[in-house]
Each structure stands twice: as structure tokens, then as C-alpha cells.
Amino acid sequence: MAVDVVTFGCRLNTYESEVMKREADSAGLGTLENGAIIFNTCAVTSEAVRQARQAIRKARRDNPQARIIVTGCAAQTGAGEFAAMDEVDLVLGNEEKLKSNSYRMLPDFGVNQFEKVRVNDIMEVRETASHMVDAIEGRARAFVQVQNGCDHRCTFCIIPHGRGNSRSVPMGGVIEQVKRLVGNGYNEVVLTGVDMTSYGPDLPGNLRLGKLVKTILKEVPDLPRLRLSSIDSIEADEDLMDALANEKRLMSHLHLSLQSGDNMILKRMKRRHLRENSIEFCENVRRIRPDIVFGADIIAGFPTETDEMFENSIRIVEECGLTHLHVFPFSPREGTPAARMPLVNRRIVKARAARLRAAGDAAYTGHLHGLVGTRQKILIEREGLGRTEGFTLVGIDGGTPGQIIERMINGHDSDKLLAPDHGNDSNRRAA
């Protein structure tokens with residue numbers, strides 16, 4: 001039986017799940033009579049952890065004899081909680097999950113919860129290796145890890161305890177991985193990391209993310225589309241700005257880690273930017289790349305947030321020209337400073353999150369309307385759906401997953417653009 005990997009959370013987890021599946025197969029888990037299920041968990045919110053626990057219980061009910069392994073950020077930060085679950089056979093840390101030997105340590109049935117745990121101190125990890133993958137299962141675009149961990153200590157965030165300190169993948173390893181994926185037919189590669197704009201200082205040569213981007217585009221000329229996942233705008237370097245201005249193969253979409261539009265809340269979050277920095281960054285990028293599309297993460301109802309402070313977050317949606325919003329109702333994470341701050345009433349938190357989502361929906365609808373009548377290059381994700389270079393969803397007939405099609409946009413349905421086939425496609429090779 002094949003190893004089944006269930007992935008929660010970020011794109012980095014998606015990439016790592018491919019490595020995990022390969023290493024688990026190498027360790028022989030795929031030969032187990034009743035199979036093995038690996039849960040690659042997320043710890044960003046308490047809801048993400050709850051969903052993982054729920055999925056583990058369901059998996060045990062559906063597969064009573066399978067071996068169940070739990071790993072990922074939630075396992076790294078809460079190993080004891082998962083080990084205490086009767087449904088779980090083994091708990092691996094974020095470093096251990098990428099090594100085949102870890103999967104050879106499956107204990108016998110009936111061990112106590114302490115014998116289940118293989119989780120080392122992630123803060124002691126100093127390097128991030130380049131793990132080669134040939135494909136990302138079920139994905140039309142490929143993800144490549146360039147960085148892991150985070151040196152910052154935002155007061156709401158548990159992730160540094162799950163991922164450790166910032167460390168970069170050597171540039172040569174990144175480029176080799178991109179070449180490998182392009183050689184296997186991928187037309188779009190997404191660079192991923194926990195704090196991607198911190199890439200480079202731990203490597204020789206004073207590298208930064210912008211230099212990596214430029215080098216990838218130079219060394220892999222057959223790559224049609226290079227995309228960045230979430231970035232911290234305050235860390236954007238000159239080479240990255242130059243690449244945005246002049247490299248059309250670098251996609252016109254940036255997802256920003258804003259978190260709030262109010263300066264006092266940003267200070268209490270221990271962020272390194274002000275609202276003015278975010279607005280200035282968006283204006284500068286829009287000036288050099290007029291077709292840029294911005295997304296952002298924003299937290300609603302952070303501790304001590306007043307109505308006036310929240311209104312600053314509402315206003316920044318328009319002031320930054322945000323289109324794709326990821327809205328998070330504040331979720332206290334045990335072990336973080338924010339969990340000890342005066343909490344906002346839960347009803348108010350939910351109402352503020354709803355208002356932010358409504359503001360984001362209105363901005364997104366306006367964005368869709370503005371693209372009607374334009375020609376867009378669309379990467380087919382799956383039958384009937386694709387994404388523009390600006391990461392906008394498109395309903396599209398024809399094409400195969402991984403193929404790039406140029407098509408006229410003739411409308412939208414408030415959820416996605418509409419690009420029916422009128423026989424005027426311009427196609428790129430399929431993945």
C-alpha cells in the first residue's frame with residue numbers, strides 16, 4: 001500500500017510532504033500490510049491544530065490497523081498532546097520528518113506516549129538542506145523551498161518554536177531543483193519559506209532574495225513563470241525591486257505579511273514596519289510594475305485593539321490596494337506573549353473579521369471587473385479553473401493542467417474571471 005500524506009497549512013508544508021513521502025517509502029512504510037498515514041500539521045492557529053486532531057481521529061476510525069504518524073509544526077510545538085492520543089503511533093519533529101531513518105523508528109503497538117516521540121530541539125538546527133523532488137502530486141505548479149525558520153519574534157506567532165531560527169537553502173541547490181522541475185514539464189515554480197525575505201545572510205556572499213530571483217531567471221531561461229509566496233515588505237531588497245520592474249517572468253503578484261493597519265497594534269505585535277511603510281511599498285511597486293496585484297494577511301481583533309485601531313486596518317485595504325485578503329480572527333496561542341495580553345471579546349473579534357472579509361470581497365470584485373476585456377495568460381490548475389499571472393482565479397474551458405493559455409476575459413461571476421474558448425488561444429507547452 002502507498003504511504004498517504006495528509007497536508008495542512010502552508011506551501012512549504014506542501015513541498016515538504018513530497019520529501020516526506022519519498023523518505024517514508026524509502027524506509028519501507030509503503031510495504032506495510034495495512035498502510036501508513038502521515039499527518040503534516042500546521043500550528044498557525046488553534047483551529048488548525050483542532051482540525052488536525054479531528055482528522056487523525058477520523059483516519060483511525062476509517063483505518064483501524066494503519067500506522068499513523070504525526071509531524072509538522074503542531075507536532076513540533078505540542079508533541080505531548082499528539083503522543084497522548086491513542087490513535088497516534090509516532091510523533092516526529094520538523095527536522096526528523098525529512099529523514100528516512102525517522103520512519104524506521106515506528107514503535108511496537110502499545111508503547112507509552114513518551115516512547116512515541118522523536119522530536120529534537122528545532123532551535124539547534126543550523127542548516128536547511130536542498131531536498132530534491134521531481135513533482136508536487138496533484139499540483140499544476142511546483143513549490144521550491146528556499147528558506148526555513150524565522151529570527152523574528154512576533155508576539156502572536158508560535159511558528160519560530162515549530163520551525164527554528166532562519167536558515168537558507170544554498171543558491172545552487174535551489175537552482176538545481178528549479179531546473180529539475182522545469183525539465184519535468186512545470187511551467188510555474190513558486191518559491192516558499194517561512195520568512196522568505198530573510199533569505200541569504202547566513203550564506204557566503206551576502207546574498208538576498210532579489211539576487212536569488214535574478215539568478216534563477218538567468219540560469220533557468222526555459223522557466224516561463226516564477227512566483228513568490230508570502231513576503232515581508234520591509235525586507236524587500238533593491239535587486240528584488242529591480243526584478244519586479246524588469247523581469248516579466250517574475251509574476252505580478254505579491255502576498256504581504258501586513259497583519260494590521262494600525263501602528264500601535266503593529267508595535268504590540270512586535271512587527272518591524274508601520275502602516276506608512278506598507279502604503280509606501282505598495283505605491284513604489286505599483287509605480288514600477290503597474291499590473292501588480294497585492295494580497296495580504298491581516299489579523300482581526302488582536303488583544304487591546306480598539307474600534308479606532310480596527311478602522312485603520314479597514315482603511316489599509318484601500319490605501320494599499322489589496323485584492324486577495326487572508327483574514328484571521330485572533331487566536332491566542334499558548335506560549336506566545338499575545339496570549340497573555342487583554343483579549344478582545346470573541347463576538348467583537350468575529351464581527352471585525354467579517355467586516356475585513358467584506359472589505360476584501362468588495363476590493364476583489366472591483367479587481368475582477370477591471371480585468372474584463374483584457375487578455376490574460378492563464379495557467380490551467382485543473383479542469384475548468386486556472387490562474388492569471390496576478391494569481392486571479394479564472395473559469396476556463398479547454399487546456400490541460402499545467403498548460404499556459406492566453407485568453408480574452410469576457411466577464412466574471414464575483415468569484416472568478418470567465419474566459420470561454422472562442423478558438424483564439426495562444427498555448428504554451430503542457431506540464
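Keep in mind the model is a prediction, meaning the values are calculated, not measured.
A heavy-atom distance below 4.5 Å is not found between the side chains of E305 and F330. Looking at L256 and L254, their side chains come closer than 4.5 Å, going by heavy atoms from C-beta outward. Within the 4.5 Å cutoff, the side chain of I314 has heavy atoms near those of the R355 side chain. Looking at F294 and T323, their side chains never come closer than 4.5 Å, going by heavy atoms from C-beta outward. Within the 4.5 Å cutoff, the side chain of L240 has heavy atoms near those of the L228 side chain.
Aromatic ring orientation, H255 versus H253: tilted (interplanar angle from 30° to 60°). Using cut-offs of 30° and 60° on the angle between ring planes, the pair H369 and H412 is perpendicular.
For E276 and S278, the side-chain atoms include no donor-acceptor pair closer than 3.5 Å. For T197 and E235, the side-chain atoms include at least one donor-acceptor pair closer than 3.5 Å.
Contact record, E188 with R141: OE2-NE, 2.6 Å, taken as the closest heavy-atom pair. Taking all atoms of both residues into account, the shortest heavy-atom contact from V317 to I298 is CG2-CD1, 4.5 Å. Shortest non-hydrogen contact noted between C150 and V194 is CB-CG1, 4.2 Å.
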Start with the C-alpha distance between E381 and R139, add both sets of side-chain angles, then the distance that settles salt bridge (charged side-chain N to carboxylate O under 4.0 Å, His left out), and finish with yes or no.
CA-CA 7 Å; E381 289 190 335; R139 301 277 179 164; over 6 Å; no

Test log, rule side chain to side chain contact (heavy atoms under 4.5 Å, CB included), inputs T7 and E16
CA-CA 9 Å; T7 306; E16 289 176 337; over 6 Å; no

Assess whether side chain to side chain contact (heavy atoms under 4.5 Å, CB included) is satisfied between L393 and D415, documenting all intermediate values.
CA-CA 8 Å; L393 193 64; D415 176 57; 4.1 Å; yes

Applying side chain to side chain contact (heavy atoms under 4.5 Å, CB included) to R271 and F156, what does each step give before you reach the verdict?
CA-CA 10 Å; R271 300 291 293 164; F156 57 84; 4.2 Å; yes

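E247 contributes no side-chain N or O that, together with a main-chain N or O of L244, makes up a donor-acceptor pair within less than 3.5 Å. For R249 (side chain) and L226 (main-chain N/O), no donor-acceptor pair under 3.5 Å exists by modelled atom type. Using modelled atom types, one side-chain atom of K116 and one backbone atom of M85 make a donor-acceptor pair closer than 3.5 Å. A donor-acceptor distance shorter than 3.5 angstrom exists from the side chain of N187 to the backbone of G402, with no hydrogens or angles considered.
F281 pairs by the ring-ring contact (aromatic ring centres under 6.0 Å, His included) definition with nothing, not counting sequence neighbours.
Looking at D232 and R272, a side-chain N of the basic residue comes within less than 4.0 Å of a carboxylate O on the acidic one, giving a salt bridge. Salt bridge status for R60 with E87: absent, with no side-chain N to carboxylate O gap under 4.0 Å. Using a cut-off of 4.0 Å between Lys/Arg side-chain N and Asp/Glu carboxylate O, R163 and D195 are scored as not salt-bridged. Ionic pairing of R375 and E406 is present here: one or more N-O contacts between side-chain nitrogen and carboxylate oxygen are shorter than 4.0 angstrom. For D239 and K214, the salt-bridge test passes: some basic side-chain N is under 4.0 Å from an acidic carboxylate O. A salt bridge links R50 with E47: the distance from a Lys NZ or Arg NE/NH1/NH2 to an Asp or Glu carboxylate oxygen falls below 4.0 Å. The pair R407-D397 meets the salt-bridge criterion, with a side-chain N (NZ, NE, NH1 or NH2) lying under 4.0 Å from an Asp/Glu carboxylate O.
Applying the salt bridge (Lys or Arg N to Asp or Glu O under 4.0 Å) test to pairs two or more places apart or on separate chains, none has a residue in residues 258-268.
A cation-pi geometry, defined here as NZ or CZ lying under 6.0 Å from the six-membered ring centre and within 45° of its normal, holds between R11 and F391.
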